[in-house]
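As the structure is a computational prediction, the values presented were derived from the model and not from experiment. Chain letters run A, B, ... following the sequence lines, proteins first and then strands; every chain starts at 1.
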Amino acid sequence: MYKVRIDKFEGPFDLLVYLLENARMDIYDIKVAEITEQYIEYLKEMEEFNLEVSSEFIVLAAVLIRMKSYMLLPRVTDTGEVMIEEDPRAELAGRLSEYVRIKKIATILKDREEANYAIYEKPAEDMSKYLDDPDEILLASEDQMVSAFILFLTKKRKVEEVTKRYQSVRREKDSIESRISYMVKKLELKFKEGKGRIPFKELLPDDADKYDVTLSFMSLLSMIKQQTCDAEQDKNFGPITITRKETQNVQQ
Amino acid sequence: MYSNKTMKSALETMMFMLGEPLEVKDAAQILESDKDIVRGLFKELQNEYDQEGRGIRIRQIEDSFGYVTFAENEIFVEKLCTPVRVKKLSQAALEVLAIIAYRQPVTRSEIDSIRGIKSERVIDGLLDKDLIEVKGRSEGIGRPLIYATTKEFLKKFGFESLKDLPEVAEYEELRRNPDEEDFSGQLSIDFNDSER
Amino acid sequence: MYSNKTMKSALETMMFMLGEPLEVKDAAQILESDKDIVRGLFKELQNEYDQEGRGIRIRQIEDSFGYVTFAENEIFVEKLCTPVRVKKLSQAALEVLAIIAYRQPVTRSEIDSIRGIKSERVIDGLLDKDLIEVKGRSEGIGRPLIYATTKEFLKKFGFESLKDLPEVAEYEELRRNPDEEDFSGQLSIDFNDSER
């Protein structure tokens, strides 16, 4: 019989090796029927103690049971000769043997861990004063730049989305299209009044802010592109003057 | 009672572990010995290290002792530390570099407008590192400086040529379209104009 | 060219400053000397410290050397300060570590199959403790990660290199030569008896 071990087993092999040890059984000569019974008995006890019995334990139980029934069957041929087959226990024995070896190594490691527990390193000294004037090695790679760039683009897009939503609320009516029609109307009015050269400033709404100026300017550019009018600027930072599109009729 | 040999060994261990000078009175208490005896052992050790020309020495500060490195070996410490430092480019530097790489040649105001933030200092840093260079002046108003990446940039990032810059849909919006008109210069005048 | 005395002194200074083991190749470069010569000097120093029964010793890890405290002086360290204690490894962690140490590089499924149980969480714990590391991927189906032990592993268990891992015979060999060594204690299996 075996004593009940309280501490948990590290796995089905751990349990099986323990049972073999208690039964003084050789790994390469397992009495399958006997050990299977003990193994299953133990799993039941583990359940009674509310110990976790993971699926691996059950799998090994199934392997043992299968092996047990296989070994009960007579292995004879039609002519009554006993078939020589590989020992069905061989594979399991091989794995248990490797597991036992690993456990022995684990024990050696444990002892060495203990022995080296008393040895200390110390942290590095403060070397900051020597780091003031380093030979700089610039660490750079394509990946680094690309990932930084993607991060930037993502951030930029998020900000743009937020800004767009914010501006679209504030400036709902002030799209380029609406500004263009506003400016075209104003221009036509001025042209009708007989003015040939209209300063850009006169096309701005009253109390125009930076946004209005930009929007008007963008609209003007579109208007030039659409050949609605022409514009001139004599010098850097100079006033912009809008004129009637001279080739308008020819183009159309 | 510990032997002198054990006590000296213990003092070495403790000085090593403590990281700051070890008080004679504390050491004496731990070693269950007399302060004068312990002070004497510290001084013996100090002499041994000096005599043997060790690279670490024992320095006395008031009534405490601690390890210091041998001052004349400073040159080796300098050499030891120097190659340790590896500099990485900041996120900002990488962003500006990417913008210049994809849109070159490009002016500072274009970079600023893409990033939505002033990039002057970052640009200066990249110029210092020889990753970008001034390629002349734009024909635009105010004739601002234009920037481009250098050979050093290709080398550092492992590109054979600018054609090797990865093509990803996301970048296309930033890649300069040759047919696109450049309004940025005129736009900035307009701002100035309206502020006058 | 520096004299051996100067170089040894420099090695002491550098080991002290660095805190972690100093690579022979780095030291050789700084001292403008040959790696074999420098390694020889490190070993001379190591001997001197042992011979003189110093409270600090020189430990070799692979091809690097660093100062550590003399293990037997632990009692004084504990009286002086409360050193940071790492929790001891569990039986499961030791088993997984044993498998990785002896079979590296090894995949998780190999570890699982030797232990007869899933080891994923134990492996994660060992990765966290820096005792093992991912060494890449296996060429096998699914290209699973492969694991190997680290320098930290060598330090923790006091191995100079992986060559120092003790030779442990297969169970089968033990069984066939029961008189050769007495494994019964460690294995808790009486082999002699089982031979009957």
Surrounding [atom1] of [X] (heavy atoms of other residues, nucleotides or ligands, distance under 6.0 Å), is the total greater than 12?
X: Gln29(B); atom1: CD; value: no
X: Arg143(C); atom1: CZ; value: yes
X: Lys151(B); atom1: NZ; value: no
X: Glu72(C); atom1: CD; value: no

>> Is it the case that the ring center of Tyr67(B) lies less than 6.0 angstrom away from the ring center of Tyr67(C)?
In response: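 Centroid distance Tyr67(C)-Tyr67(B): not below 6.0 Å, so no.
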
>> Report which part of Glu74(B) has an atom under 4.5 Å of a heavy atom belonging to chain C: side chain, backbone, both, or neither.
In response: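 Neither part, no heavy atoms under 4.5 Å.
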
If you count heavy-atom pairs under 4.5 Å between each of [options] and chain C, which one has the most?
options: Met14(B), Arg54(B), Lys8(B); result: Arg54(B)
options: Met17(B), Arg57(B), Met15(B), Glu52(B); result: Glu52(B)
options: Val68(B), Asn73(B), Ile75(B), Leu31(B); result: Asn73(B)
options: Thr69(B), Leu22(B), Thr13(B), Leu45(B); result: Thr13(B)

> What's the shortest heavy-atom distance between Ile56(C) and Ile56(B), and which atoms?
Replying inline: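 Answer, listing the atom of Ile56(C) first, then Ile56(B): CD1-CD1, 3.8 Å.
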
>> Looking at every heavy atom in both Gln51(B) and Lys5(C), which two are closest together, and how far apart are they?
In response: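 For Gln51(B) and Lys5(C), the tightest heavy-atom pair comes out as O-NZ, 4.5 Å.
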
> Quick one: what part of Leu11(C) sits under 4.5 Å from any heavy atom of chain B, side chain, backbone, both or neither?
Replying inline: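 Neither part.
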
>> Quick check on Glu32(C) against chain B: is it the side chain, the backbone, both or neither that has a heavy atom closer than 4.5 Å?
In response: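 When you check distances to chain B, only side chain atoms of Glu32(C) fall under 4.5 Å.
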
> How far apart are the C-alpha atoms of Asp26(B) and Lys79(C), what are their side-chain angles, what is the distance that settles it, and do they pass the side-chain contact (heavy atoms from CB on, under 4.5 Å) test?
Replying inline: CA-CA 10 Å; Asp26(B) 295 340; Lys79(C) 282 184 182 167; over 6 Å; no

> When rounded to the nearest 0.5 angstrom, what distance separates CD in Glu12(B) from CZ in Phe76(C)?
Replying inline: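 One gets 12.0 Å once the value is rounded to the nearest 0.5 Å.
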
